[in-house]
2 protein chains.
Amino acid sequence: MMNNQLDRAFNALSDPTRRAIVERLAGGPATVSELAAPLPMSLPAVMLHLKVLEESGLVASEKKGRVRTCRIEPVALSLAEQWLNDRRRLWESRVDRLGAFLESEGEKE
Amino acid sequence: MMNNQLDRAFNALSDPTRRAIVERLAGGPATVSELAAPLPMSLPAVMLHLKVLEESGLVASEKKGRVRTCRIEPVALSLAEQWLNDRRRLWESRVDRLGAFLESEGEKE
DNA sequence: GAAATACTTAAGTGATCGCTTGACAGTTTG
DNA sequence: CAAACTGTCAAGCGATCACTTAAGTATTTC
């Protein structure tokens, strides 16, 4: 498992703690401690969540001195978004064609 | 875990087998056996994946006689899509504001 | 009504997850 | 340099996951 980037991205997003982190980072960069402060768990646990987010490509971070600053990586968000959009559109176009067909069948009567 | 619908939806999508099922269903409804046929695992295993997909709301199914037919549920897809879109937009608007600010600062020189 | 079909349930198993605590390392401050 | 701060690594542990095989149920076909 965890072969490709979509696996990792969707898996990362399936956890409420990690979504909370992404949500926080959507408002702007933050340090590890800032991210951990409101979360009901130890700092090492937060680090593990950050590791998952980084490996998914959704979050990037940089260490300066003793402080690591994290930020969102919008390209990865958009990749997952696109996958969902593509499948939904395919389904909807199918439903549209079916609707049009049924309507044209109705006109025959 | 698995409190809300987003947890379930993203978790469901984090597995390549389940994404393959969604992908197949985006092209139109299918029976359990049809879905299982191309997959390299036992039928009970496929049933478990379908259960996860159903509990996430991404897939719905109906049994008629001895055949269960599955179809995609676009509303759940769109819910996950929307979450991603909202966070990405928030981030991007922040980057835009920052860009505009830096530009206006540049004009002062 | 016997046999084939299409799914469903149950039990079991090894691997991975989501934390924990404790120890430790590098950086800045007094 | 000592102390405080910010983050990292490691070991361990119970819970959950992703299957498996075997057996069972309901429906349709011959």
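Fair warning: this is a prediction, and the values are worked out from it, not measured in the lab. Convention: sequence-line order gives letters A, B, ...; per-chain numbering from 1.
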Sequence neighbours left out, cut at 3.5 Å: what donor-acceptor pairs do the side chains of residues 57-75 of chain B make with other protein atoms?
unit_1   : atom_1 : unit_2   : atom_2 : d
Ser61(B) : OG     : Glu54(B) : OE2    : 2.6
Ser61(B) : OG     : Arg68(B) : NH1    : 2.8

What residues, two or more places apart in sequence or in another chain, satisfy side-chain contact (heavy atoms from CB on, under 4.5 Å) together with [X]?
| X | value |
| --- | --- |
| Gln82(A) | Asn85(A), Asp86(A) |
| Glu55(B) | Lys51(B) |
| Ala45(A) | Met41(A), Ser42(A) |

Close approaches to DNA chain D from residues 44-60 of chain A, in residue order (heavy atom, under 4.0 Å):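 Those residues whose heavy atoms fall under 4.0 Å from DNA chain D, taken from residues 44-60 of chain A in numerical order, are Pro44(A), Met47(A).
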Does anything in residues 35-42 of chain A reach DNA chain C, meaning a heavy atom under 4.0 Å, and if so which residues?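 Per residue number, the list reads Met41(A), Ser42(A).
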Output the rounded distance in Å from [atom1] ([X]) to [atom2] ([N]).
| X | N | atom1 | atom2 | value |
| --- | --- | --- | --- | --- |
| Leu43(A) | dC9(D) | CG | P | 12 Å |
| Arg19(A) | dG18(C) | CZ | P | 13 Å |
| Asn11(A) | dA15(C) | CG | C1' | 15 Å |

Which atom names give the shortest non-hydrogen contact between Asp7(A) and Pro16(B), and what distance separates them? OD2-CD, 3.5 Å
Looking across every strand, which nucleic acid part, if any, lies under 4.0 Å from Thr17(B) by heavy atom: base, sugar-phosphate, or nothing? nothing
Between protein and nucleotides 25-30 of chain C, what N or O pairs are separated by less than 3.5 Å?
unit_1  : atom_1 : unit_2   : atom_2 : d
dT27(C) : O2     : Arg66(A) : NH1    : 3.0

Holding to side-chain hydrogen bond (donor to acceptor under 3.5 Å, both in side chains), I want the full list of residues that pass it with Arg88(B), two or more places apart in sequence or in another chain.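 Listed in chain order: Glu81(A), Glu92(B).
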Which residues pass the side-chain hydrogen bond (donor to acceptor under 3.5 Å, both in side chains) test with Glu34(B), sequence neighbours left out?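 Result, side-chain hydrogen bond (donor to acceptor under 3.5 Å, both in side chains) vs Glu34(B): none returned.
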Listed by chain and number, what are the salt bridge (Lys or Arg N to Asp or Glu O under 4.0 Å) partners of Arg18(A), not counting sequence neighbours? none
Is Leu79(A) reachable from Leu6(B) through a run of I, L, V, M, F, W or Y residues, each pair having side-chain heavy atoms under 4.5 Å apart?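 In one cluster: no.
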Same cluster (ILVMFWY, side-chain, under 4.5 Å), Phe10(B) and Leu48(B):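 Hydrophobic grouping puts Phe10(B) apart from Leu48(B).
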